[in-house]
Number of protein chains: 2
Amino acid sequence: MSKPIHRLGDLQLRILKVLWAQPAATVAQVQQGVGSESDLAYTTVATMLRKMEVRGLVSHREEGRSFLYSAVVGAEEVGRGFGTHLVERLFEGSLTETVSHLLTTREVSRDELDELDRLIQRAKRRIR
Amino acid sequence: MSKPIHRLGDLQLRILKVLWAQPAATVAQVQQGVGSESDLAYTTVATMLRKMEVRGLVSHREEGRSFLYSAVVGAEEVGRGFGTHLVERLFEGSLTETVSHLLTTREVSRDELDELDRLIQRAKRRIR
DNA sequence: ACCTGAACACTACCACGGTAGTAGTACCCA
DNA sequence: TGGGTACTACTACCGTGGTAGTGTTCAGGT
């Protein structure tokens, strides 16, 4: 169990999401996947990937002249890091307070509420 | 409505929490409140407070020879920033996915589930 | 009147996220 | 074989969080 991943940059998160969606991707592919909203230079993405590899977030393997990058950390770990950080730091570990906060500061549709309801019931059943 | 507060440092968060707990606090008091886990130099806290004031997170007023710092941003705003960031970036805006994640990666007690249940029901009633 | 201690001010330094330019390299195509 | 092209490597720069030392000021006690 490595130390929790807390504090990931925005770009890093976006990159990881691209890599989670496919087993491996070239720099160009990552750039594509990431650059929908903001166009980034090819070298920017490449540099970020290299930095992330040093940090152990991704890894690469050579494929011809290109590098194929893959995510090393899973969405689980990153999510856990982020989520725990949110819950712990901001709401003193109170899950309900956190969710309450999420509920009240966002637009919530009835469908989402129904889905949440189902979620809770399922969790309840699982616990006993 | 100022721009959302996204990305606050750990220390900054801890400082804010101290300031939210009381209307105003001197540097020494903040240092006390913050330093339970890790002892920080007085000057470190003071510097951080000054930086945070520049950024508009806190403000100070003079009281004798001491500064009394107060939080400018509320827990609401910070929470919104953080929460939105979590939901948007990591879970593509899916609230249910986020909550699901929080549920599955943490120990959840029966009481918490009941409380969450109540929360959802209340929100449902509010919406229709 | 002097010394001490508390308080802020200024400065410095490191790490890292983010961004990108430039340089080197190797492949492929005409 | 020469030239464009695609790719990585290296370097640089800025902002900011985090940490703290040094400098300065000023009030209070003796």
Side-chain angles (χ1 to χ4, degrees), chain A residues 3-18 24-70 73 78 81-82 85 89-90, chain B residues 3-18 24-70 73 78 81-82 85 89-90:
Chain A
K3 71 184 62 122
I5 301 156
H6 117 97
R7 200 170 209 68
L8 264 191
D10 224 61
L11 177 58
Q12 305 191 5
L13 213 44
R14 277 190 286 156
I15 287 178
L16 279 181
K17 289 214 319 201
V18 172
T26 64
V27 176
Q29 284 168 330
V30 172
Q31 185 197 14
Q32 283 296 345
V34 138
S36 47
E37 13 196 298
S38 59
D39 266 354
L40 292 176
Y42 182 96
T43 50
T44 300
V45 179
T47 305
M48 202 63 228
L49 279 168
R50 231 169 315 108
K51 284 188 179 182
M52 287 170 75
E53 181 159 32
V54 170
R55 230 186 119 185
L57 297 173
V58 303
S59 71
H60 83 275
R61 119 184 94 90
E62 238 148 311
E63 183 78 19
R65 300 280 48 94
S66 300
F67 281 6
L68 279 187
Y69 280 94
S70 310
V73 297
V78 174
F82 257 75
H85 192 255
R89 288 270 173 249
L90 204 51
Chain B
K3 71 183 66 119
I5 301 156
H6 130 95
R7 204 175 229 53
L8 267 190
D10 223 60
L11 176 58
Q12 306 192 4
L13 213 45
R14 277 190 285 154
I15 287 179
L16 279 180
K17 289 215 317 200
V18 172
T26 64
V27 177
Q29 284 168 331
V30 173
Q31 185 197 14
Q32 284 296 343
V34 139
S36 47
E37 11 198 300
S38 59
D39 267 353
L40 292 176
Y42 181 97
T43 51
T44 300
V45 179
T47 304
M48 202 62 229
L49 279 167
R50 228 169 319 107
K51 283 187 179 181
M52 287 169 76
E53 183 159 30
V54 171
R55 226 185 122 186
L57 298 173
V58 302
S59 71
H60 83 275
R61 117 185 94 89
E62 240 150 308
E63 184 79 19
R65 55 223 151 270
S66 298
F67 281 7
L68 280 186
Y69 280 94
S70 310
V73 298
V78 175
F82 258 75
H85 191 254
R89 287 276 173 246
L90 203 51

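Sequence lines set the chain letters: A, B, ... in the order given, protein chains first and strands last, and positions in each chain run from 1.
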Do B:R14 and B:V18 have side chains that get closer than 4.5 Å, going by heavy atoms?
no

Rounded to the nearest 0.5 Å, what's the gap from CD on A:Q32 to OG1 on A:T26? Could you check?
9.0 Å

Which whole-number value in Å describes the distance from A:I15 CD1 to C:dG17 P?
11 Å

For the atom pair CG (A:L13) and NE2 (B:H85), what is the distance rounded to the nearest 0.5 Å?
6.5 Å

In whole angstroms, how far is the P atom of D:dA20 from the CG atom of B:L11?
10 Å

Listed by chain and number, what are the side-chain hydrogen bond (donor to acceptor under 3.5 Å, both in side chains) partners of B:E62, not counting sequence neighbours?
none

In whole angstrom, give the distance that lies between atom CE of B:M48 and atom P of D:dA20.
13 Å

Could you tell me which residues satisfy side-chain contact (heavy atoms from CB on, under 4.5 Å) with A:T43, sequence neighbours excluded, listed by chain and number?
A:A41

For the pair made of CZ in B:R7 and P in C:dG17, what is the distance, rounded to whole Å?
8 Å

Kindly write out the residues that satisfy side-chain contact (heavy atoms from CB on, under 4.5 Å) with B:Q12, not counting sequence neighbours, or none if the list is empty.
B:L8, B:M48, B:M52, B:R55, B:L57

Please report, rounded to the nearest Å, how far the P atom of C:dC8 is from the CD atom of B:E53.
11 Å

What is the distance from CZ of A:R14 to P of C:dG18, rounded to the nearest Å?
8 Å

Protein proximity profile, nucleotides 2-14 of chain D - base contact B, sugar-phosphate-only contact S, no contact -, cut-off 4.0 Å on heavy atoms
-----SBBB----

Atom CE of A:M52 and atom P of C:dT19 are separated, to the nearest Å, by 13 Å

All heavy atoms of B:V73 vs all of B:G56, minimum pair found to be CG1-O, 4.1 Å

I need the B:L40 CG to B:L11 CG distance, nearest 0.5 Å.
6.0 Å

Using a 4.0 Å heavy-atom cut-off, does A:L40 contact any base of the nucleic acid, only the sugar-phosphate backbone, or nothing at all?
sugar-phosphate

Starting at atom CD of A:Q31, determine the distance to atom P of C:dA20, rounded to an integer number of angstrom.
10 Å

Strand-adjacent residues in residues 54-63 of chain B, judged by heavy atoms under 4.0 Å from DNA chain D:
B:R55

Give a yes/no on whether any side-chain N or O of A:T44 is located under 4.0 angstrom from OP1 or OP2 of C:dT19.
no

Under the side-chain contact (heavy atoms from CB on, under 4.5 Å) test, which residues partner B:E53, sequence neighbours left out?
B:V58, B:S59, B:H60, B:Y69

What is the bend of the helix from C:dA1-D:dT30 to C:dA30-D:dT1 when you compare the axis at one end with the axis at the other, using five pairs each and rounding to 10°?
20°

Atom pair CD/CG of A:Q29 and A:L68 - distance to nearest 0.5 Å
7.5 Å

Can you tell me how far NZ of A:K51 sits from CD1 of A:I15, rounded to the nearest 0.5 angstrom?
11.0 Å

